[in-house]
There are 2 protein chains.
Amino acid sequence: MASKPELDHKDWQLLEALQRDARQGYAELGRAVRLSAPAVAERVKRLEEAGVISGYRAVVVPKRLGYSIDAMIRLRCDGGICARIGQHVADIHEVLDCRRLAGEDSALLHVVAMSVAHLETVLDRLLKIHPSVSTTTLVVLQTPHADRPITRAMWDAACALSHD
Amino acid sequence: MASKPELDHKDWQLLEALQRDARQGYAELGRAVRLSAPAVAERVKRLEEAGVISGYRAVVVPKRLGYSIDAMIRLRCDGGICARIGQHVADIHEVLDCRRLAGEDSALLHVVAMSVAHLETVLDRLLKIHPSVSTTTLVVLQTPHADRPITRAMWDAACALSHD
DNA sequence: TCTGAAAGCCTTTCTAT
DNA sequence: ATAGAAAGGCTTTCAGA
């Protein structure tokens, strides 16, 4: 899971281009990296098969669909509950992200809601998971950076620090 | 920013399909939603122009590039610093997400690192922003859900609750 | 692993409804 | 807002290196 596949300069260019716009075609990508379309298609397929690229997603803006509230919810709960937190929130669709943590909090959720009343129903559902569950809700005021791309510059700098 | 554009069933089908795989072509989408390719292209363009779709991204897996550590960092700091937290972390590329919060914490960052030593250098850079900055680091053990799609089922249920 | 060629399909634009 | 038609471009496969 944590291997470092050998990515050359063109692989990085393709990765960066596809993070910028996943709908670019192979011909267009090929022009950008100076490779033929079939060569690009092969490289991209290899990146997918290596698990470096896990998919391609349209980015949907919840605010534009009426979700005016964006919140992060810190959860504390018993070990057994937290170990299965993903299953417990699986059918609460307002939970967009769910991470289990080591540290002060047991888990962290990213939640969207259409109103304060709606947020309240989500919190109620979370508290109903188990009596040991308690929550701290943090409302997002702004998101200066979301899902920034992983770039070659970033990777090179990190490798220099980790020297291996 | 928080309007609810009228999305019909086919718009939702397109949104869901593009969240599943952003590289599908218009012809393929058209077959799925029973619409001609030009009609699909127009609808997708409208969703983009309405800001419902803000872009298309390849999902890159940091672990597969050597980033073995995934952490959430809670920040506390003076108001003036936090108001500009996005700028302050802009050139710390290990920060993939940055949100300013209302509540116990002033901001929350999603950070990746290649090693504990690397994570330490990131923390040091964060603390160097200003003397008022303090951090709480939470290491991610697992991510049962990441960026779940926004679906019509979810939206319908939410609208029923918010009845408007 | 790449290029180049070829077939078939797709995107895009335009027209008309 | 959609379908249909047409031109050009694109994807995909295959051969050859």
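Convention: sequence-line order gives letters A, B, ...; per-chain numbering from 1.
- Between A/Ile81 and A/His88 the shortest heavy-atom distance is O-ND1, 3.5 Å.
- If one axis is set at each end of the helix from C/dT1-D/dA17 to C/dT17-D/dA1 from five pairs, those axes are 30° apart, to 10°.
- Put simply, the side chain of B/Ile85 reaches to within 4.5 Å of the side chain of B/Cys98, judged on heavy atoms.
- Closest approach of A/Met114 and A/Ser68 over heavy atoms only: O-OG, 3.1 Å.
- More than 12 non-hydrogen atoms from other residues, nucleotides or ligands lie less than 6.0 angstrom from CD of B/Gln142.
- In this structure, B/Tyr26 places its OH atom 19 Å from C1' of D/dG4, rounding to the nearest Å.
- Under the 3.5 Å distance criterion, the side-chain polar atoms of B/Glu94 are left unmatched by any main-chain donor or acceptor of B/Val122.
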Nucleotides 2-9 of chain C: which of its N/O atoms have a protein N/O under 3.5 Å away?
{"from": "C/dC2", "atom 1": "OP1", "to": "A/Arg43", "atom 2": "NE", "distance (Å)": "2.7"}
{"from": "C/dC2", "atom 1": "OP1", "to": "A/Arg43", "atom 2": "NH2", "distance (Å)": "2.7"}
{"from": "C/dC2", "atom 1": "OP2", "to": "A/Arg46", "atom 2": "NH2", "distance (Å)": "3.4"}
{"from": "C/dT3", "atom 1": "OP2", "to": "A/Ser36", "atom 2": "N", "distance (Å)": "3.0"}
{"from": "C/dT3", "atom 1": "OP2", "to": "A/Ser36", "atom 2": "OG", "distance (Å)": "2.7"}

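- Remark: side-chain polar atoms of A/Arg100 are not paired, donor with acceptor, to backbone N or O of B/Pro144 under 3.5 angstrom.
- Judged by distance alone, the side chain of B/Arg99 and the main-chain N or O of A/Met72 form no donor-acceptor pair under 3.5 Å.
- Between B/Leu65 and A/Trp12, some side-chain heavy-atom pair lies under the 4.5 Å cut-off.
- The number of heavy atoms from other shown groups lying within 6.0 Å of CZ (B/Arg46) is above 12.
- Annotation: proximity of residues 47-60 of chain A to DNA chain D (heavy atom, distance under 4.0 Å) is found for no residue.
- B/Val89 places a side-chain heavy atom less than 4.5 Å from the side chain of B/Ile129.
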